[in-house]
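Here's the structure we're looking at; comments come further down.
Quick caveat: nothing in here was measured; it's all calculated off a predicted structure.
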Amino acid sequence: MARYRRAEPTLSIRQRRLRYGGRKGLLALAVALILGVLAYGDHDGFFGRAPTPDIEKYDRKSFQVVHVTDGDTLDVDIPDGGYSHTRIRLWGVDTPETVKPNTPVQHFGPQAGSFTKQMISNQIVTLELEHSRTRDKYNRLLAYVYLADGRMLNRLIVAEGYGYADPRYDHPYKREFERLQKHAKSAGLGLWKDIRNEDLPYYFREGAKAESPGAK
């Protein structure tokens with residue numbers, strides 16, 4: 001016996017509109033859910049590292065220097081948290097201490113501080129940040145600082161013997177800074193002119209001796 005297919009009921013125009021609207025709404029909801037998942041995943045780094053607030057706020061931007069603490073620390077005129085300024089710690093270099101609590105003034109520290117003040121006090125500088133790390137343990141902003149003429153202060157400090165190429169942390173300029181330091185040592189520039197082994201930072205003193213002319 002032949003089978004007959006049941007005829008589907010004829011929908012009114014209103015019913016067709018409701019069905020179409022329902023399907024359209026479900027599609028929009030599905031798209032919204034997918035976009036939400038992608039956005040959340042990107043926020044967590046699944047589809048590429050999202051920029052940190054520090055990168056957006058400071059990287060490749062220019063500010064005025066309002067204070068120089070010592071050879072490798074300074075303040076610029078943009079609020080940071082509850083402070084009216086942002087404290088900058090120079091990336092990749094370390095200058096002798098002059099103001100650290102419970103620490104005597106170190107060899108060539110005053111000269112290093114004077115050099116940095118001379119170069120950038122009240123000047124407009126441009127900051128470059130590392131996406132991998134923007135703050136140190138004291139919550140200071142880590143940055144490469146560029147003068148108005150394009151020279152990098154971090155590089156100048158090492159090249160002219162006002163500070164050390166800090167070996168404790170990796171960064172893109174690390175090998176370059178090490179080469180500049182080697183040249184400054186061999187030429188006896190700045191702090192390398194008459195440095196003694198006990199004047200060196202602990203990270204050099206434990207595993208290396210001074211290599212400059214006149215080192216003791």
- prompt: Do the ring planes of H171 and W91 sit parallel (below 30°), tilted (30 to 60°) or perpendicular (above 60°)?
  reply: tilted

task: Could you tell me which non-hydrogen atom of V158 sits nearest to which non-hydrogen atom of L180, and how far apart they are?
output: CG1-CB, 4.0 Å

message: Within this structure, what is the CG-CD distance for the pair D75 and Q64, rounded to the nearest 0.5 Å?
response: 12.0 Å

- prompt: If we only count heavy atoms from C-beta on, is the R87 to D80 side-chain gap below 4.5 Å?
  reply: no

- prompt: Is there a path of hydrophobic side-chain contacts, each under 4.5 Å between heavy atoms of I, L, V, M, F, W or Y residues, that connects Y203 with F177?
  reply: yes

- request: May I have the step-by-step check of side-chain contact (heavy atoms from CB on, under 4.5 Å) for Q181 and W192, ending in yes or no?
  value: CA-CA 9 Å; Q181 177 171 271; W192 299 107; 3.8 Å; yes

- request: Go through the steps to decide whether E160 and L189 satisfy the test side-chain contact (heavy atoms from CB on, under 4.5 Å), and finish with yes or no.
  value: CA-CA 6 Å; E160 300 189 24; L189 299 179; 5.6 Å; no

Partner of D54 by side-chain hydrogen bond (donor to acceptor under 3.5 Å, both in side chains), out of R133, R135, H131: R135

query: Y138 ring centre to K100 NZ or CZ under 6.0 Å, with the angle to the axis within 45°?
result: no

query: With distance as the sole test, does S114 use its side chain to make a donor-acceptor pair with the main-chain N or O of A112 at under 3.5 Å?
result: no

field: Any I195 side-chain heavy atom under 4.5 Å of L200 side chain
entry: yes

- request: Only counting residues at least two apart or in another chain, list the ones meeting salt bridge (charged side-chain N to carboxylate O under 4.0 Å, His left out) with R89.
  value: D72, D94

query: If you draw a 6.0 Å radius around NZ in K61, do more than 12 non-hydrogen atoms from other residues or ligands fall strictly inside?
result: yes

- prompt: Between V125 and V76, which heavy-atom pair has the shortest distance, and what is it?
  reply: CG2-CG1, 4.3 Å

query: Between CD of Q118 and CD of Q123, what distance do you get to the nearest 0.5 Å?
result: 10.5 Å

message: Would the distance check show the side chain of E97 and the main-chain N or O of Q106 forming a donor-acceptor pair, the cut-off being under 3.5 Å?
response: no

message: Counting neighbours of NE2 on H183 that are heavy atoms of other residues, nucleotides or ligands and sit closer than 6.0 Å, is the number greater than 12?
response: no

task: Ignoring hydrogens and angles, tell me if any N or O in the side chain of H107 forms a donor-acceptor pair with the backbone of P96 under 3.5 Å.
output: no

message: Rounded to the nearest 0.5 Å, what separates atom CG in L129 from atom CG in L141?
response: 4.5 Å

- request: List the steps, then state whether side-chain contact (heavy atoms from CB on, under 4.5 Å) holds for T73 with T95.
  value: CA-CA 9 Å; T73 310; T95 61; over 6 Å; no

task: Check the hydrophobic clustering (I, L, V, M, F, W, Y; side-chain heavy atoms under 4.5 Å; chains of links allowed) and say if V66 and L127 are grouped together.
output: no

- prompt: Is there a side-chain contact between V145 and N154, using heavy atoms and a 4.5 Å cut-off?
  reply: yes

- request: Compare every heavy atom of G113 with every heavy atom of V68, then report the nearest pair and how far apart it is.
  value: CG1-O, 4.5 Å

query: If you count the non-hydrogen atoms of other residues, nucleotides and ligands that lie under 6.0 Å from CG in N102, is the total more than 12?
result: no

query: Would L147 and L156 satisfy side-chain contact (heavy atoms from CB on, under 4.5 Å), going step by step from the backbone distance to the final call?
result: CA-CA 10 Å; L147 310 180; L156 292 173; 3.9 Å; yes

query: Just how far is it from atom CG of L74 to atom NZ of K117, taken to the nearest 0.5 Å?
result: 12.0 Å

field: Ion pair check, R175 and E178, cut-off under 4.0 Å
entry: yes

statement: Of all heavy-atom pairs linking Y58 and I78, the shortest is CE2-CG2, 3.5 Å

query: Which atom pair, heavy atoms only, marks the closest approach of A159 to A184?
result: O-CB, 3.8 Å

- request: Return the minimal non-hydrogen interatomic distance between T98 and P110, and the atom names on each side.
  value: CG2-N, 3.5 Å

- request: Would you check if there is a donor-acceptor pair between the side chains of E130 and Y169 at a distance under 3.5 Å?
  value: no

query: Given side chains that start at C-beta, do those of L153 and F115 come closer than 4.5 Å, heavy atoms only?
result: yes

- request: Would you mind reporting whether I157 and M119 have side-chain heavy atoms less than 4.5 Å apart?
  value: no

- prompt: Which value, rounded to the nearest 0.5 Å, describes the distance between E128 atom CD and Y146 atom OH?
  reply: 3.5 Å

Aromatic plane relationship, F108 with Y162 - under 30° parallel, 30 to 60° tilted, over 60° perpendicular: tilted

query: Is it the case that one hydrophobic cluster holds both Y202 and Y164, taking links as side-chain heavy atoms less than 4.5 Å apart, direct or via other members?
result: yes

